[in-house]
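Okay, structure first, notes after.
Every number for a ligand or one of its atoms is a count from 1 in the order of the listing.
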Amino acid sequence: MASPLKVGIAGLGTVGASVVRLIDEQRQQLALRTGRPIEVVAVSARSRNKDRGIDMKRLRWVADPVKLANDPGIDAFVELIGGEGGPARAAVTAALKAGKPVVTANKALLARHGIELAELAEKRGVALNFEAAAAGAIPIVKTLREGLAGNSVQRVYGILNGTCNYMLTRMEREKLSFDECLKEAQRLGYAEADPTADVDGLDAAAKAAIIASLAFHTRVGLDDVSVEGIREVTADDIREAHASGCELKLLAIAQRRDDEHAQGVSVRVHPALVPNDHPLASVHGAYNAVLVEAESAGRLMFYGQGAGGAPTASAVLSDVVAAAAHRVHG
Ligand code: NDP
Ligand code: HSE
């Protein structure tokens, strides 16, 4: 068997701790599937002594994530800190410059600096993988990059924020307040460290920018997306939606435009009334769904958990496996 892939993980919160756990649990199967063992050898987070429900004794602690990214003892760097700049951006840049493949779940970072990071990865000939950055456990990045590579995509739309969908579901079913639902989403690990990104639609917008860039082979950044979140949604709005045979959902919609008004790509996020007989109306809780309309393939729908430790870790791990197999995308 080939030598192990030695992984360094920066960020041991909801997602990072789940990734360490999953790699541990899947040790043997991963080695068989990839032809080489995958080992987490070093980690970084803010507080060294926090109980994370994982065995920290065998993991080398590197306080500075940039140092971890440059560490000669790791072959691949996994960034699960979050945030569009700061230590996440510095560490990902350092790892790519050092010629190490990077895996990240950080949509905020990619929607702002993805192009510059992708160019750096290409220059160094290493992978920058981000399956977990859009739609949680749903493999939409690989689907757009690989599965639909022979298609011309016309439209991609769906529910991309688990927190908002969870909140809207509970507000509707249990008549709970906005604040109660948000607290619960935070407790369950669905919300971002700063949950305004969720409720104001920016998290869904970042994911929509990433998906649109891949679907339409162009450069869409966060500032190109028109955004309205769910902060203004009231119990009355939800009741009225119901009375008119609809569900109220936060939708992300990316489509090609080629008409008398515009040419190019339009990307937007906003609350919308979804008729009860539409497939998106039955997507509840922290689930996400993505519909893709492609020229040859027709209409495809992907559905799965959009937030939470284990579902996100599953997507992160698929990228770590790709790094172990030396798969690199241009
Ligand atoms: P958490 O807030 O739970 O975890 C963040 C981790 O980063 C913590 O372990 C924290 O350390 C560490 N950290 C923060 N600042 C630093 C720093 N300066 N140096 C080193 N470590 C630092 O976030 P999540 O796990 O929820 O999210 C991580 C990433 O995954 C984000 O980009 C998020 O958008 C993305 N994501 C999250 C999903 C989810 O469902 N939660 C789903 C899909 C993507 P400490 O623990 O010591 O405070
Ligand atoms: N906060 C995000 C959400 C996490 O609720 O969808 C998954 O990207």
Side-chain angles (χ1 to χ4, degrees), residues 8-20 42-54 56 61-69 77-92 103-112 130-138 140-141 158-169 181-182 184-208 210-211 229-230 250 252 269 283 285-290 304-316 319:
I9 301 183
L12 292 174
T14 304
V15 182
S18 292
V19 171
V20 173
V43 292
S44 178
R46 252 179 323 213
S47 133
R48 186 166 186 175
N49 297 321
K50 206 187 248 183
D51 179 9
R52 303 172 189 279
I54 52 177
M56 294 287 289
W61 179 264
V62 182
D64 178 358
V66 175
K67 273 212 178 112
L68 176 60
F77 179 68
V78 180
E79 184 276 306
L80 299 168
I81 296 172
E84 64 179 59
R89 183 182 178 194
V92 166
V103 175
T104 180
N106 190 339
K107 49 269 157 131
L109 170 71
L110 293 169
R112 285 274 181 221
F130 46 91
E131 186 61 72
I138 302 173
I140 191 67
V141 171
I159 295 168
L160 296 182
N161 186 269
T163 299
C164 290
N165 206 54
Y166 172 84
M167 290 174 65
L168 292 171
T169 302
C181 295
L182 177 55
E184 202 50 19
Q186 287 178 290
R187 189 185 68 75
L188 292 167
Y190 301 153
E192 294 301 301
D194 175 1
T196 55
D198 296 293
V199 297
D200 289 334
L202 293 168
D203 178 80
K207 292 166 182 165
I210 293 168
I211 285 177
I230 63 162
L250 183 72
V269 168
V283 177
Y287 278 78
N288 282 187
V290 187
Q305 295 186 70
T312 311
S314 140
V316 170
D319 284 343

Atom 19 (N) of ligand 1 [closest protein heavy-atom partner, distance rounded to 0.1 Å]
P65 CG, 3.6 Å

Find all atoms of ligand 1 within a distance of less than 4.0 Å from any non-hydrogen atom belonging to T14, and give their numbers and elements.
3 (O), 25 (O), 26 (O)

Under 4.0 Å between heavy atoms, the region of P87 that gets near ligand 1 turns out to be side chain

Identity and distance of the protein heavy atom lying nearest atom 35 (C) of ligand 1:
A105 O, 3.4 Å

As a check for students: among S44, G306, A193, identify the option with a heavy atom nearest to atom 2 (O) of ligand 1.
A193

Determine whether a donor-acceptor pair (N or O, by modelled atom type, separation under 3.5 Å) exists between the side chain of N288 and the backbone of Q305.
no

Atoms in ligand 1 with a heavy atom of S47 nearer than 4.0 Å:
47 (O)

Any protein heavy atom nearer than 4.0 Å to atom 30 (O) of ligand 1
yes

Show the atoms of ligand 1 that are less than 4.0 angstrom away from any heavy atom in L80.
5 (C), 6 (C), 7 (O), 28 (C)

Backbone or side-chain N or O of V15 under 3.5 Å from ligand 1 N or O
yes

Is the backbone of A10 close enough, under 3.5 Å, to the side chain of S44 for a donor and an acceptor to pair up by distance?
no

Within ligand 1, which atoms have a heavy atom of A132 less than 4.0 Å away?
43 (C), 44 (C)

In ligand 1, which numbered atoms sit nearer than 4.0 Å to a non-hydrogen atom of A307?
40 (O)

Please identify which atoms of ligand 1 are closer than 4.0 Å to at least one heavy atom of G82.
31 (C), 32 (O)

Any N or O on K107 sitting closer than 3.5 Å to an N or O of ligand 1?
yes

Taking only residues two or more places apart in sequence or in another chain, which ones pass salt bridge (charged side-chain N to carboxylate O under 4.0 Å, His left out) with R112?
E84, D223

Applying a strict 4.0 Å limit to heavy atoms, is G308 in contact with ligand 1?
yes

Using distance alone, determine whether L12 and ligand 1 share an N or O pair under 3.5 Å.
yes

Got the residues with a heavy atom under 4.0 Å of ligand 2, by chain and number?
K107, L160, N161, G162, T163, Y190, A191, E192, D198, D203, K207, G306, A307

Are T163 and P195 close enough that some pair of their side-chain heavy atoms sits under 4.5 Å apart?
no

List ligand 1 atoms under 4.0 Å from T312, heavy atoms only on the residue side.
38 (C), 40 (O), 42 (C), 43 (C), 44 (C)

Among protein heavy atoms, which lies nearest atom 21 (N) of ligand 1, and at what distance?
A45 CA, 3.2 Å

Going by the atom numbers of ligand 1, which of them fall below 4.0 Å from some non-hydrogen atom of G189?
39 (C), 40 (O), 41 (N)

Got V269 and L250 here, is their nearest side-chain heavy-atom distance under 4.5 Å?
yes

What distance do T104 atom OG1 and L109 atom CG have between them, rounded to the nearest 0.5 Å?
5.5 Å

Is there a polar contact between ligand 1 and R52, counting only N or O atoms under 3.5 Å apart?
yes

Any sub-3.5 Å donor-acceptor pair from D200's side-chain atoms to L202's backbone N or O?
no

Would you call V103 and F130 a side-chain contact if the rule is heavy atoms closer than 4.5 Å?
no

Just distances here: any N/O of G13 and N/O of ligand 1 closer than 3.5 Å?
yes

Is I140 close to K207 at the side-chain level, that is, under 4.5 Å between some pair of heavy atoms?
no

Give, for atom OH of Y190 and atom CG of N161, the distance between the pair rounded to the nearest 0.5 Å.
12.0 Å

